[in-house]
Amino acid sequence: MKDLLIFDMDGVLTDVSNSYREAVVLCVQHFTGQRVSRELIQEYKNQGGWNNDWDLSQQIAADLGVPVPHSTIVAKFNEFFLGDNGNGLITRETWFPEPGLLERLADRYQIGLFTGRLKYEADISLNRFAPSMTFDPMICAEHVARAKPSPEGLHTISARFPGRRLLYVGDTIDDARSAAGAGVPFIGIAAASHSRRADILALFAAEGAVAVIENINEIESVL
Ligand SMILES: [Mg+2]
């Protein structure tokens, strides 16, 4: 029986700095007229609780003095992110794993996903970048009642694969807290270019991360 190696998606497998993060910037700018920095977005992410970029966009706009109904935020965000025919910012996303990495990991581990994305959003990227890979389990936004930092998604996986060892790989404090809450060893990813790198390293350490790497391509050195 292989151990389960579970990945968060954004910032771990996919580089979303020009997709989700830019969609937050454009969405906030649309409603407030202000163009917020990536650093500010990272500060919110480091506070924890802002895994959902719709909620985050709504909160930043509100903090800038412009309350916007949630459904209005979601519609505008998706206009930027998905575009009319899938031609939005999502097309600017790139894939971190080098060719062969996931295949080698899949030889040693059963690989799965626990992401805050809805499944159709996750599938868009998986079909584009890793069509031959199987991610099982795949726990997405609609599969949990409570989003990260709740450990619910990891508990769901443990229940589905009783007795199997789990590892979780993520890039935010909510990922680390979810793993800590579930008693699952956590490997943190903190990119060299991370705008609040010292903060995230301290946060990962506080949550008991078993290892921290700069990029998913370094993961074999800590397994
Ligand atoms: Mg992430």
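None of these values were measured; they are calculated from a predicted model.
Legend: residues meeting ring-ring contact (aromatic ring centres under 6.0 Å, His included) with F204, ordered by chain and number and at least two apart, are F186. Residues passing the salt bridge (Lys or Arg N to Asp or Glu O under 4.0 Å) test with D53, sequence neighbours excluded: K45.
A distance of 5.0 Å separates CD1 of I139 from CD1 of I157, quoted to the nearest 0.5 Å. Separating the OG1 atom in T115 from the CZ atom in F7 is a distance of 13.0 Å, to the nearest 0.5 Å. Atom-to-atom distance recorded for Q47:CD and Q42:CD is 11.0 Å, nearest 0.5 angstrom.
L167 and L13 fall within a single hydrophobic cluster, where Ile, Leu, Val, Met, Phe, Trp and Tyr are joined by side-chain heavy atoms under 4.5 Å apart, directly or via other members. Note on V210 and L5: same hydrophobic cluster, where clusters join Ile, Leu, Val, Met, Phe, Trp and Tyr whose side-chain heavy atoms are under 4.5 Å apart, directly or indirectly. In this structure, V184 is a member of the same hydrophobic cluster as I173, with clusters built from ILVMFWY side-chain heavy atoms closer than 4.5 Å. Placement of Y168 and M133 in two distinct hydrophobic clusters is found when ILVMFWY residues are connected by side-chain heavy-atom separations under 4.5 Å, directly or transitively.
Heavy atoms only, all atoms of each residue included: A23 and F81 are closest at CB-CB, 4.2 Å.
A side-chain donor-acceptor contact under 3.5 Å links E142 to the backbone of K119.
Taking 4.5 Å as the limit, every side-chain heavy atom of E121 sits out of range of all side-chain heavy atoms of M9. Between F161 and M1, the closest side-chain pair of non-hydrogen atoms is not below 4.5 Å. The side-chain heavy atoms of T172 and D175, taken from C-beta on, include a pair separated by under 4.5 Å.
Judged by distance alone, the side chains of S17 and D15 do bring a donor and an acceptor atom under 3.5 Å apart.
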